[in-house]
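Here the structure is laid out as structure tokens; the discussion comes afterwards.
Labels below follow one simple rule: chain letters A, B, ... track the order of the sequence lines, proteins then strands, and each chain is numbered from 1.
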There are 2 protein chains.
Amino acid sequence: MKIAVMGYGTIGSGVVEVIRRNSLKLEKKAGEEIEVKYVLDLRDFPGDPMEECIVHDYKTIVNDDEVKVVVETMGGVEPAYTFVKEMLEAKKHVTTSNKALVAAKGAELLEIAKANNVNFQFEASVGGGIPIIRNINSCLTADILEEITGILNGTTNYMLTKMANEGADFDEVLKDAQEKGYAEKDPTADIEGYDPCRKIAILTSIVSGKTVDFEDIHCEGITGISADDFKYAKKLNRSIKLLASSRQIGSNYVAMVAPYMLDSNHPLYSVNDVFNAVFVRGNVLGDAMFYGSGAGSLPTASAVVADVVEMTKNKDKHLEIEWSGEKLQLLDYKNTESRFFVRTDKSLEDVRKVFGNVEIVDGVIPNEIGFITSHTKESEFEEKAEKLGIINRIRIN
Amino acid sequence: MKIAVMGYGTIGSGVVEVIRRNSLKLEKKAGEEIEVKYVLDLRDFPGDPMEECIVHDYKTIVNDDEVKVVVETMGGVEPAYTFVKEMLEAKKHVTTSNKALVAAKGAELLEIAKANNVNFQFEASVGGGIPIIRNINSCLTADILEEITGILNGTTNYMLTKMANEGADFDEVLKDAQEKGYAEKDPTADIEGYDPCRKIAILTSIVSGKTVDFEDIHCEGITGISADDFKYAKKLNRSIKLLASSRQIGSNYVAMVAPYMLDSNHPLYSVNDVFNAVFVRGNVLGDAMFYGSGAGSLPTASAVVADVVEMTKNKDKHLEIEWSGEKLQLLDYKNTESRFFVRTDKSLEDVRKVFGNVEIVDGVIPNEIGFITSHTKESEFEEKAEKLGIINRIRIN
């Protein structure tokens with residue numbers, strides 16, 4: 001099997017490395033040897049072992065009938081979308097690690113793949129090395145998945161872990177994460193939650209079989225989380241995690257990205273540093289959790305290459321992934337219920353007047369009190385919070 | 001698709017229930033409706049919804065060409081082996097939850113399945129609802145798996161969790177587990193580690209592609225673990241877990257079942273109660289972990305029915321599982337290295353004389369000291385422990 005890799009960055013070079021390092025295992029699993037024939041990149045790589053394979057024009061790959069599987073690790077919607085589309089139309093299987101592409105064009109590219117009797121796979125687009133998409137599609141097939149909740153962004157999880165361990169404040173850990181290369185110069189996509197939002201949109205699309213527009217998902221990042229919030233978390237023996245979550249309610253779905261204070265019994269409670277994990281609740285399986293490296297060159301490449309193996313094994317066959325272009329109308333999160341941890345500088349009397357008989361957490365920060373609400377409709381909570389006047393609130397499981 | 005269920009006990013009735021409850025999802029995933037035509041059991045079930053489907057003679061199933069998939073949930077090697085073999089020879093796919101059968105006859109039944117162009121699957125035989133076998137075979141295909149370590153027995157994990165939380169002693173929690181129905185009247189297979197031993201034999205067979213005889217695996221249970229050991233664990237901020245583990249060393253494997261004291265950073269550290277989890281280290285993926293219900297009617301049935309779905313989807317195709325009858329010669333665990341936590345009533349001076357400069361853990365139990373060794377060859381440790389005279393030792397990660 002001759003393959004092409006489009007994009008010779010962190011993940012693309014990882015793919016080349018995994019194929020080199022584990023060639024015998026891959027040959028055994030795929031049924032034939034896997035060889036990288038082309039690497040598409042704008043740059044040259046003089047002295048690189050792949051130097052001779054570098055091409056600059058994607059048409060070279062489109063027009064080479066020997067290449068049956070194409071890996072896309074360029075990132076971004078364009079030109080990835082144009083390239084991938086042409087590859088599929090040329091009857092080449094494609095796997096991608098590109099969440100932006102999959103979130104924006106997943107259903108369409110799956111349809112094109114089906115029409116051409118090839119496959120479009122994207123295991124590495126969510127959760128890095130964690131095989132969550134294959135688990136949803138091919139392993140947990142006996143279950144109706146009632147909830148999927150993930151820690152799907154390593155950068156923010158690293159930052160929250162550091163804030164928890166060191167009592168550091170947001171700006172400080174962001175600077176550290178940038179220095180370590182975990183966070184980009186412009187960290188918006190991570191800290192505002194846009195990255196995990198695209199990922200939960202992909203997972204919800206796969207579970208529901210319809211297209212979830214990530215712009216429909218209510219999304220809160222971690223910029224509002226402070227060292228003081230972690231003082232309360234510590235007192236409550238909870239951890240603060242940025243969760244991307246999707247639940248089935250009747251035949252509808254609700255999805256959200258937001259920080260949560262997790263109880264120590266929750267399987268995601270102790271997922272720390274740059275690790276990712278996905279919690280799943282099946283209607284017969286019950287609670288399950290998948291944990292691993294959510295990013296990084298080799299772990300992500302591991303997921304890409306697993307797709308290459310499956311597509312090589314099934315090179316003459318379209319493997320059905322149910323994800324139509326029909327738009328999934330999400331429930332308005334404001335009509336769903338949550339519990340909230342709240343901080344306020346108002347009096348206990350005022351708190352009780354507005355929120356009733358809540359659980360009080362005091363003695364943590366001078367001149368304020370914390371409290372935990374019962375399950376409250378989001379819209380109702382907002383009204384009450386505005387009425388009372390609050391410092392911050394974090395959802396609680 | 002008409003199927004038969006052999007054994008209408010806890011898991012068999014769970015399988016019937018899952019197929020009833022999730023019929024629409026199953027039909028979508030399998031490509032056709034799945035219907036239970038026969039339930040094989042020695043008993044009658046008057047008034048049961050499946051009453052009309054009950055048969056007492058397995059030949060009824062063998063001889064019915066309409067039945068293409070058979071579920072075996074009887075347990076034990078015989079008569080399960082005879083029945084399953086005949087089903088496969090009659091060109092019916094078989095899935096089983098029966099670890100004893102798979103550990104004893106896995107390679108042979110896979111060969112018979114292949115010869116008859118059908119499938120023999122056994123997802124539910126290890127880790128209950130956790131899809132660990134499908135993950136190893138179909139998801140983590142790009143990796144060489146260097147280590148698999150599981151908490152694979154819910155009964156002992158429940159007992160150890162209770163000992164940790166309540167300071168209770170072994171006999172007390174065993175009695176409680178028996179009263180709650182988690183432990184059998186004869187609890188030997190659980191508490192001596194024979195159950196997880198069979199399961200790690202199955203996982204090691206799948207990873208290596210050869211047959212691991214579970215009797216070759218060094219196996220220690222939890223009967224030697226006392227409330228005093230947990231006092232040390234608490235002081236060390238560690239948990240004690242019964243681990244079934246298998247590691248690749250060069251082209252060889254070593255496997256072991258034994259209690260370990262786990263550091264709080266280990267992904268298995270906080271797997272509590274009856275939950276199971278499997279930690280995997282891939283040479284490119286790095287560390288990953290799969291967590292879920294390791295037993296119980298519906299979770300185990302979820303895994304069985306996922307096999308039914310895959311076999312229905314591939315009813316005309318043998319899906320390769322690499323597991324030959326060739327015996328895998330395991331490395332002698334005595335030649336491998338571990339670290340040990342040790343308790344002794346000897347003097348610090350004696351400890352230092354025999355074990356050198358170890359880490360001391362004192363002040364936990366009067367008139368004894370605890371210490372932690374550096375990495376030591378198992379055989380060498382045994383000699384030293386005998387020389388010193390010890391109260392107990394637990395391996396440490």
Side-chain angles (χ1 to χ4, degrees), chain A residues 14-15 17-19 21-22 24-26 28-31 123 128-131 134-135 137-144 209 264-265 267 269-272 275 277 279-280 282-293 296-299 301-310 313 320 322, chain B residues 14-15 17-19 21-22 24-26 28-31 123 128-131 134-135 137-144 209 264-265 267 269-272 275 277 279-280 282-293 296-299 301-310 313 320 322:
Chain A
V15 169
E17 168 65 13
V18 170
I19 288 172
R21 200 188 291 186
N22 289 351
L24 284 178
K25 159 104 185 204
L26 298 177
K28 210 184 261 182
K29 278 289 179 185
E123 181 62 74
I130 305 171
R134 197 159 275 120
N135 268 282
N137 278 327
S138 309
C139 300
L140 306 177
T141 53
D143 275 78
I144 292 166
S264 63
N265 287 322
Y269 168 83
S270 55
V271 174
N272 287 326
F275 280 95
F279 168 84
V280 167
N283 75 326
V284 291
L285 172 64
D287 294 355
M289 199 260 279
F290 305 88
Y291 166 97
S293 291
S297 174
L298 290 180
S302 160
V304 172
V305 175
D307 278 352
V308 171
V309 167
E310 188 171 37
K313 244 168 71 181
E320 193 69 31
E322 205 205 338
Chain B
V15 169
E17 167 65 12
V18 170
I19 289 172
R21 201 188 289 186
N22 290 352
L24 284 178
K25 159 104 187 205
L26 298 177
K28 212 183 261 182
K29 278 289 179 184
E123 181 62 74
I130 305 171
R134 198 160 273 118
N135 268 282
N137 277 326
S138 308
C139 299
L140 308 178
T141 53
D143 274 78
I144 292 165
S264 64
N265 287 322
Y269 168 82
S270 53
V271 174
N272 287 326
F275 280 94
F279 168 85
V280 167
N283 76 327
V284 291
L285 172 64
D287 294 356
M289 199 258 281
F290 305 88
Y291 165 97
S293 291
S297 174
L298 290 180
S302 161
V304 172
V305 175
D307 277 352
V308 172
V309 167
E310 188 172 35
K313 243 168 72 182
E320 193 69 31
E322 204 204 338

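The most heavy-atom pairs under 4.5 Å with chain B, out of A:E123, A:K25, A:K313, come from A:K25. Of the listed residues A:N283, A:I130, A:V305, the one with more heavy-atom pairs under 4.5 angstrom with chain B than any other is A:N283. Across B:T141, B:V304, B:L298, B:L26, the residue that shares the most heavy-atom pairs under 4.5 angstrom with chain A is B:T141. In terms of non-hydrogen atom pairs under 4.5 Å with chain B, the most contact-rich of A:N22, A:L140, A:D307 is A:N22. Counting heavy-atom pairs closer than 4.5 Å to chain B, the top residue among A:A306, A:S138, A:G209 is A:A306.
Only the side chain of A:S270 has a heavy atom closer than 4.5 Å to any heavy atom of chain B. Neither the backbone nor the side chain of B:I19 comes within contact range of chain A; no heavy atom of the residue lies under 4.5 Å from a heavy atom of that chain. With a 4.5 angstrom heavy-atom cutoff, A:N265 does not touch chain B via any of its atoms. Of the atoms belonging to A:N137, heavy atoms from both backbone and side chain fall under 4.5 Å from chain B. Residue contact with chain A, scored on non-hydrogen atoms closer than 4.5 Å, involves the side chain of B:K28 exclusively. For a residue to count as touching a neighbouring chain, one of its non-hydrogen atoms must lie under 4.5 Å from one of that chain's; by this rule A:L24 does not touch chain B. For A:E322, the part sitting under 4.5 Å from any heavy atom of chain B is the side chain, from C-beta outward, and nothing else. Using a 4.5 Å cut-off between heavy atoms, B:N272 makes no contact with chain A at all. For a residue to count as touching a neighbouring chain, one of its non-hydrogen atoms must lie under 4.5 Å from one of that chain's; by this rule B:Y269 does not touch chain A.
Using a 3.5 Å distance cut-off with no hydrogens or angles, the side chains of B:N135 and A:N135 do pair a donor with an acceptor.
In this view, A:F279 and A:H266 satisfy the ring-ring contact (aromatic ring centres under 6.0 Å, His included) rule, not counting sequence neighbours.
Looking at every heavy atom in both residues, B:A301 comes nearest to B:G14 through CB-C, 3.3 Å. When all heavy atoms are compared, the tightest approach of A:D143 to B:S302 is OD1-OG, 2.6 Å.
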Extract all donor-acceptor atom pairs below 3.5 Å that involve side chains of residues 284-292 of chain A and protein atoms in other chains or at least two apart in sequence.
| residue | atom | partner | partner atom | Å |
| --- | --- | --- | --- | --- |
| A:D287 | OD1 | A:R281 | NE | 2.8 |
| A:D287 | OD1 | A:R281 | NH2 | 3.3 |
| A:D287 | OD2 | A:R281 | NH2 | 3.4 |

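A salt bridge links A:R134 with A:E310: the closest approach of a Lys/Arg side-chain nitrogen to an acidic carboxylate oxygen falls below 4.0 angstrom.
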